[in-house]
Student: 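Here you go, one structure.
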Amino acid sequence: EINDWGRGKESIVIQAIKKDDGVVGEAVFAYDRNLGEIRPGNVQVNPDHRRKGLATQMYKMAESYSGLKLIPSKDQSSDAKSFWEYYHKL
């Protein structure tokens, strides 16, 4: 889902859906075409589905859509910091 808020700013919402479990992950990204930036906002993956590559795939999809590399959020949980350490090595 892509929401265009005008003035070149969009939010990109990507959901991970498993056939039997429904939505198991969701990521919201702030995309500013004018600044050429995309940043993760709220990213959640169901604890039963973590460490299976869902967040990685949602991040890759956001980068593919925008054509930009994601910039880490300045405000991160300990899980987010661990994820970014891994993601930057890809």
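Note that the numbering runs from 1 along the sequence shown for the chain.
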Student: To the nearest 0.5 Å, how far apart are CG in Asp32 and OG in Ser11?
Tutor: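 One finds 12.0 Å between CG of Asp32 and OG of Ser11.
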
Student: Atom CD in Glu63, atom CD1 in Ile12: separation rounded to 0.5 Å?
Tutor: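 Between atom CD of Glu63 and atom CD1 of Ile12 there are 10.5 Å.
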
Student: What closest approach, in Å, do Phe83 and Ala55 show between heavy atoms, and which atom pair accounts for it?
Tutor: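 What the structure gives for the nearest pair is CE1-CB, 3.9 Å.
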
Student: Check the angle between the aromatic planes of Tyr87 and Trp84 and answer parallel, tilted or perpendicular using the 30° and 60° thresholds.
Tutor: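 Taking Trp84 first and then Tyr87, their aromatic rings stand perpendicular (interplane angle over 60°).
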
Student: By side-chain contact (heavy atoms from CB on, under 4.5 Å), which residues pair with Val24, not counting sequence neighbours?
Tutor: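 Val24: side-chain contact (heavy atoms from CB on, under 4.5 Å) contacts with Ala16, Lys18, Asp21, Asn46, His49, Leu54.
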
Student: Looking only at heavy atoms, what is the nearest atom pair of Glu26 and Gln15, with distance?
Tutor: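 Closest approach of Glu26 to Gln15, heavy atoms only: OE1-NE2, 2.7 Å.
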
Student: Provide the closest heavy-atom pair for Ala27 versus Val43 in the form atom of the first, atom of the second, distance.
Tutor: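 Residues Ala27 and Val43, closest heavy atoms: CB-CG2, 3.9 Å.
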
Student: Tell me whether the centres of the aromatic rings in Tyr65 and Phe29 are closer together than 6.0 Å.
Tutor: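 That pair fails the under 6.0 Å test.
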
Student: Which residue pairs pass the side-chain hydrogen bond (donor to acceptor under 3.5 Å, both in side chains) test with at least one member in residues 68-78, sequence neighbours excluded?
Tutor: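 Applying side-chain hydrogen bond (donor to acceptor under 3.5 Å, both in side chains) to every pair that reaches into residues 68-78, excluding sequence neighbours, yields nothing.
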
Student: Would you please name every residue forming a side-chain hydrogen bond (donor to acceptor under 3.5 Å, both in side chains) with Asp79, sequence neighbours left out?
Tutor: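 Checked Asp79 against side-chain hydrogen bond (donor to acceptor under 3.5 Å, both in side chains); zero matches.
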
Student: Measure across Ile71 and Pro40 and return the closest heavy-atom pair with its distance rounded to 0.1 Å.
Tutor: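 Result for this residue pair: O-CD, 3.1 Å.
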
Student: Minimum heavy-atom separation for Ile14 and Met58, please, with both atom names.
Tutor: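 The answer is CD1-O, 3.4 Å.
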
Student: Are Tyr59 and Ile17 connected in a single hydrophobic cluster, I mean Ile/Leu/Val/Met/Phe/Trp/Tyr linked by side-chain heavy atoms less than 4.5 Å apart?
Tutor: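 Shared cluster, no.
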
Student: List the atom of Pro72, the atom of Arg39, and the distance in Å for their closest heavy-atom pair.
Tutor: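 Reported closest heavy-atom pair: O-NH1, 3.2 Å.
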
